[in-house]
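What follows is a set of notes on a single structure, which appears directly below.
Sequence lines set the chain letters: A, B, ... in the order given, protein chains first and strands last, and positions in each chain run from 1.
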2 protein chains.
Amino acid sequence: MAYVSSVEGVMSKTRKEMIAETRAKLLAAGRHAFAEQGYAEASMDDFTASAGLTRGALYHHFGGKTGLFEAVAMQIDDEITERLDALASRAASPWEALVESCVAYVQMALEPEVQRIMFRDGPAVLGDPSSWPNASACIAFVTGQVEACRAAGVLSDVDPEAAARLLNGATSDAAQWIANAKNPEGVSAKAVAALRAMLDGLRRAD
Amino acid sequence: MAYVSSVEGVMSKTRKEMIAETRAKLLAAGRHAFAEQGYAEASMDDFTASAGLTRGALYHHFGGKTGLFEAVAMQIDDEITERLDALASRAASPWEALVESCVAYVQMALEPEVQRIMFRDGPAVLGDPSSWPNASACIAFVTGQVEACRAAGVLSDVDPEAAARLLNGATSDAAQWIANAKNPEGVSAKAVAALRAMLDGLRRAD
DNA sequence: GTAGGGACATACATTGCGTATGTCAATTGG
DNA sequence: CCAATTGACATACGCAATGTATGTCCCTAC
């Protein structure tokens, strides 16, 4: 048993692992390059080489530059959703979950990687986020929270997805604003305060 | 006086007119191409040729592809501001002016040209709109309206620019959503209703 | 064990941008 | 009225980057 024979089981798994590994390497390299230099300026030759590969591998696995970018965006979107989910599950009420999710969303959108890939280059490369392959998991997540709030009776009769959309736009735009401000802390405080006020507008007046 | 001598006055004006005309032709051709094909896919050779010119003229007047795009974006931004201004000046109150401006903004953002250039490609090419050369005149305009509302006492104590930013993000995102929806009319109604609700959140509870 | 297919690299063609250079008309100064 | 110069614009060139077509090698399957 000094070596493994290519009987099938073991080797095939190793093989699949190798493939998954190169996919992951490409994904990571692309993600880094897209975040650092932006989509247009990122050279496929450069960042595939930095992963010890060539464009051949990229075209094989992702079909092209756009395909890789799409995969990266989906990965980030999933991560955001997961983080929001973890946060919301610790909230006392649906309403609080929604509010805290929105605030957290602003914070996440401040991260340069998220900002650049999801909010700046994303729409230009992939089109409207709502038409992305996974339909923007994080928007769907917020929509769910709005629905929960409505079910709990704390929301006025607005369309859940419409509310989620508006919130998404408001928060991501606020994040852009904060990120490019001279004093991000002060601006952030203002933005969050205004955001809470707007959210209150959605709450049922009782 | 059968012909005009190049004494200066008349001829120099004609000359300037010619120059202004080619500038305008480039601007129009670029605007059309950017709107139709997007920034990245628009070929300078193609659309300058469609204006009866070459890239030489473009580089001379605008410094490059980015420069022309910037000029186009500023032009559109000015047009939007002007339209909002005309609309707001007919409103009965500052609050109504703000609300109607936001609703109108959604409508404008639905126009394919505005959508593509200002909301999709704009941020990717020029960066965050708030850092654009003219600092996004339309955001400044809305900020002014929010300030007027605050002065009139109908707004709670939110930061004017923060509110304007959130509104801008919410409306433009809503527009994106509407534009890509199957039934734009229905979605538009939902979005506007939710927008009004959010706006109410900013209004001082009295 | 050999035939086949998939994973990836290499080679090539195309396209598009940016810059350097050239040309011609118009302005300016005498 | 003429010559020199400036500026508007076109042409020519080089480079970089993408997409595709082809090749090679190793694993898998029969």
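In this structure Glu96(B) satisfies the salt bridge (charged side-chain N to carboxylate O under 4.0 Å, His left out) test with no other residue, sequence neighbours excluded. Pro160(A) meets the side-chain contact (heavy atoms from CB on, under 4.5 Å) test with Thr143(A), Val146(A), Glu147(A), Arg150(A); sequence neighbours excluded. In this structure Asn180(A) satisfies the side-chain hydrogen bond (donor to acceptor under 3.5 Å, both in side chains) test with no other residue, sequence neighbours excluded.
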Enumerate donor-acceptor pairs with a distance under 3.5 Å from any side-chain N or O in residues 185-195 of chain A to protein atoms, sequence neighbours excluded.
none

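Taking atom NZ of Lys65(B) as the reference point, atom P of dC17(C) lies 4 Å away to the nearest angstrom. Atom CG of Leu68(A) and atom C1' of dG19(D) are 15 Å apart (whole Å). Taking atom OH of residue Tyr59(A) and atom P of nucleotide dG19(D), one finds them 3 Å apart after rounding to whole Å. dT15(C) atom P lies 15 Å from atom CD of Glu41(B), rounded to whole Å. The nearest whole Å value for the distance from the CZ atom in Phe47(A) to the P atom in dA17(D) is 11 Å. Note: CD (Glu21(A)) to C1' (dA7(C)) measures 14 Å, nearest angstrom. Lys25(A) places its NZ atom 13 Å from the C1' atom of dA7(C), with the value rounded to the nearest Å.
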**Message:** For a quick check, with a 4.0 angstrom heavy-atom cut-off, what is the B/S/- contact string for nucleotides 5-12 of chain D, read 5' to 3'?
**Reply:** ---BBBBB
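Contacts between residues 27-37 of chain A and DNA chain C, defined by a heavy-atom separation under 4.0 Å, are absent.
Of the charged side-chain nitrogens involved, none lies within less than 4.0 Å of a carboxylate oxygen, so that Glu70(A) and Arg31(A) do not count as a salt-bridged pair.
If you check every strand for non-hydrogen atoms under 4.0 Å, Ala49(A) touches nothing. Residue contacts shown for Ala42(B) are limited to sugar-phosphate atoms, with no base heavy atom under 4.0 Å away.
Shortest non-hydrogen contact noted between Ala109(B) and Ala175(B) is CB-CB, 3.1 Å.
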